[in-house]
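The next block holds one structure in the form of C-alpha cells; read it before the comments.
Note that the structure is a prediction, hence the values are computed from the model and not measured.
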Amino acid sequence: MFFPVIILALASLSYAQNELVETSTELVSKDLPPETENEISEVTCRKIYSYTKGTKLFKNFTYEETKAFVNEISSWDDPIRLSELFPYYHAGYDYEKKPVWILEVGKFNFRRIIEQGEENVLIGHKYMLQMIINMMKSTVAKDSPGDEIRDGMIILDMQDFNLSQVTFLPFWAEFVKIAGKMGDLIIQVVGRVILINANFATKTAADIARPLVGRLFERVEVYGNGVEQWRSRLLKLFPPEVLPPWYGGSQNFTPVSIHG
C-alpha cells in the first residue's frame, strides 16, 4: 500500500534536489552587529568555526563573520514560538564525555509549519540551525588538552509521529533542502542517534530517508514502540543521571539546558 507513496516521495525528492539553488543567504548573513548582550566565549566561537569553515552555509565566511553570526543566532528568538512546539534539551554527558541531547520529534507537526507558508518554513530552518549551533557549543565543556570532543549523542523520541506527515510530499521536499543546506554540518556534530518509539510511520519515513542521508544513517539505531524495546540500551549507553525517569533514568534528573 505504501510502496507508491515511497516512489512518489523519492520522485519529489529528486525534483527538489534538481531545483535546489544556493540559499545560504536566507539563513546566514554577513550583515550582523559585531556584538550582542551575551557574547559567546572566544574558545567556543573558535570551536564552532572549526565545524563551519568550508561548509555550504559558511563557505565564504571569515572567522570574525562566523563569530558575529554565532552570537546573533544564539540570542535569536523565533517569532512563531517554535520553541514551545518543539522543545529540546541538553540532558548531560555520556561515559565518553560526549553531550547527550534529547529531541521529542514525534510530537512536532512539521506538516502544519509547511502548510503555513514559506516564511514560517524559513523560520523553521533557522530554528534547526540554531539547534545545531547549540549542539556544537555543548562539546566545548568537556574538551581537554589532547582530548577534544567533536560529536554528540542524540535521542530521538518518535512517539506520536503519524503517517499524515510521511505521506505529505512537501515535507520531503523540505527534508531535501535541509539536508542540502546543513548536511555537512550535521554529519560533523552527530556521533550516534538512538531513535526510540519507532512506529509504522517512523519506519516508513526511515525507509524513504535512508538513501538520502547516506553516512548519517549508519549512525542511527532504531528501536520500537514501548519502553521495553529500548530502556536497557539507553541505560547501557548513558549514566542514569542524564536520562529522565520516563526513560528509565534518575528521579533527580536535571538537564543542563532546556531550549523551549
Go through it in stages, so that I can follow the logic: the residues are Phe200 and Phe161, the test is side-chain contact (heavy atoms from CB on, under 4.5 Å), and I'd like the CA-CA distance, side-chain angles, deciding distance and then a yes or no.
CA-CA 9 Å; Phe200 179 73; Phe161 188 68; over 6 Å; no
Check step by step if side-chain contact (heavy atoms from CB on, under 4.5 Å) holds for Arg192 and Asp151.
CA-CA 8 Å; Arg192 183 180 297 179; Asp151 55 39; over 6 Å; no
Quick one: do Arg150 and Tyr51 satisfy side-chain contact (heavy atoms from CB on, under 4.5 Å)? Show the steps, please.
CA-CA 9 Å; Arg150 293 295 300 178; Tyr51 291 105; 3.4 Å; yes
Using side-chain contact (heavy atoms from CB on, under 4.5 Å), reason through His259 and Asn134 one step at a time and then give a plain yes or no.
CA-CA 9 Å; His259 301 268; Asn134 284 334; 3.5 Å; yes
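The aromatic ring centroids of Trp101 and Tyr89 lie 6.0 Å or more from each other. Between Phe58 and Phe69, the distance separating the two ring centers is shorter than 6.0 angstrom.
Atom CD1 of residue Ile194 and atom CD1 of residue Ile155 lie 7.5 Å apart, to the nearest 0.5 angstrom. For the atom pair CD1 (Ile40) and OG (Ser75), the distance works out to 8.0 Å, reported to the nearest 0.5 Å. With values rounded to the nearest 0.5 angstrom, Ile123 atom CD1 is found 10.5 Å from Glu118 atom CD. If you take CD1 on Ile114 and CG on Asn120, they are separated by 11.0 Å, rounding to the nearest 0.5 Å. Rounding to the nearest 0.5 Å gives a distance of 10.5 Å between CD1 of Ile102 and CG of Leu156. Atoms CG and CD, on Asp78 and Gln130 in that order, are 7.5 Å from each other to the nearest 0.5 Å.
Defined by atom type and a distance below 3.5 Å, a donor-acceptor pair is present between the side-chain atoms of Trp230 and Asn197. For the residue pair Ser41 / Thr44, a side-chain donor-acceptor distance below 3.5 Å is found, with atom types taken as modelled. In this model, a donor atom of one side chain and an acceptor atom of the other lie less than 3.5 Å apart for Thr202 and Asn199. A donor-acceptor pair shorter than 3.5 Å can be found between the side chains of Glu174 and His125. Lys47 and Thr139 are linked by a side-chain donor-acceptor pair at a separation below 3.5 angstrom, with hydrogens and angles left out of the test.
For Tyr63, the ring pair (Phe, Tyr, Trp, His ring centres under 6.0 Å) partners at least two apart in sequence or on another chain are Tyr49. For Lys67, the side-chain hydrogen bond (donor to acceptor under 3.5 Å, both in side chains) partners at least two apart in sequence or on another chain are Glu42. Not counting sequence neighbours, the partners of Phe108 by the ring pair (Phe, Tyr, Trp, His ring centres under 6.0 Å) test are Phe86, Phe110. Partners of Arg219 by salt bridge (charged side-chain N to carboxylate O under 4.0 Å, His left out), not counting sequence neighbours: none found. Annotation: side-chain hydrogen bond (donor to acceptor under 3.5 Å, both in side chains) contacts of Gln159 (sequence neighbours excluded): none. For Lys107, the salt bridge (charged side-chain N to carboxylate O under 4.0 Å, His left out) partners are Glu104, not counting sequence neighbours. For Asn109, the side-chain hydrogen bond (donor to acceptor under 3.5 Å, both in side chains) criterion is met by no residue, not counting sequence neighbours. In this view, Lys97 and Asp147 satisfy the salt bridge (charged side-chain N to carboxylate O under 4.0 Å, His left out) rule, not counting sequence neighbours. Asp94 is linked by a salt bridge (charged side-chain N to carboxylate O under 4.0 Å, His left out) to nothing, counting only residues two or more places apart in sequence or in another chain. Shown here are the side-chain hydrogen bond (donor to acceptor under 3.5 Å, both in side chains) partners of Asp77, two or more places apart in sequence or in another chain: there are none.
A salt bridge does not link Asp184 with Lys56: every distance from a Lys NZ or Arg NE/NH1/NH2 to an Asp or Glu carboxylate oxygen is 4.0 Å or more. Look at Lys126 and Glu72 and you find a salt bridge, because one of the NZ, NE, NH1 or NH2 atoms lies within 4.0 Å of a carboxylate O, short of that distance.
In the hydrophobic cluster analysis, where Ile, Leu, Val, Met, Phe, Trp and Tyr join through side-chain heavy atoms closer than 4.5 angstrom, Val222 is grouped together with Val190. The same ILVMFWY cluster, assembled from side-chain heavy atoms under 4.5 Å apart, contains both Tyr88 and Leu129.
Within a 6.0 Å sphere centred on CZ of Arg112, other residues, nucleotides and ligands contribute 12 heavy atoms or fewer.
With hydrogens and angles ignored, the 3.5 Å screen pairs a side-chain donor or acceptor of Thr55 with a backbone N or O of Thr52. Using modelled atom types, one side-chain atom of Glu65 and one backbone atom of Thr62 make a donor-acceptor pair closer than 3.5 Å. For Tyr93 (side chain) and Ser138 (main-chain N/O), a donor-acceptor pair under 3.5 Å exists by modelled atom type.
Cation-pi geometry between Arg111 and Phe171 is not satisfied (NZ or CZ under 6.0 Å from the ring centre, within 45° of the ring normal). Figure legend: cation-pi geometry between Arg231 and Tyr223 absent, as NZ or CZ is not positioned both under 6.0 Å from the six-membered ring centre and within 45° of its axis.
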Using distance only, find each side-chain donor-acceptor pair of residues 234-256 under 3.5 Å and give its atom names and separation, not counting sequence neighbours.
from	atom 1	to	atom 2	distance (Å)
Tyr247	OH	Asp157	OD2	2.7
Ser250	OG	Asn252	N	2.9
Thr254	OG1	Asn252	O	3.3

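Tyr95 belongs to no hydrophobic cluster, as no Ile, Leu, Val, Met, Phe, Trp or Tyr side chain comes under 4.5 Å of its own.
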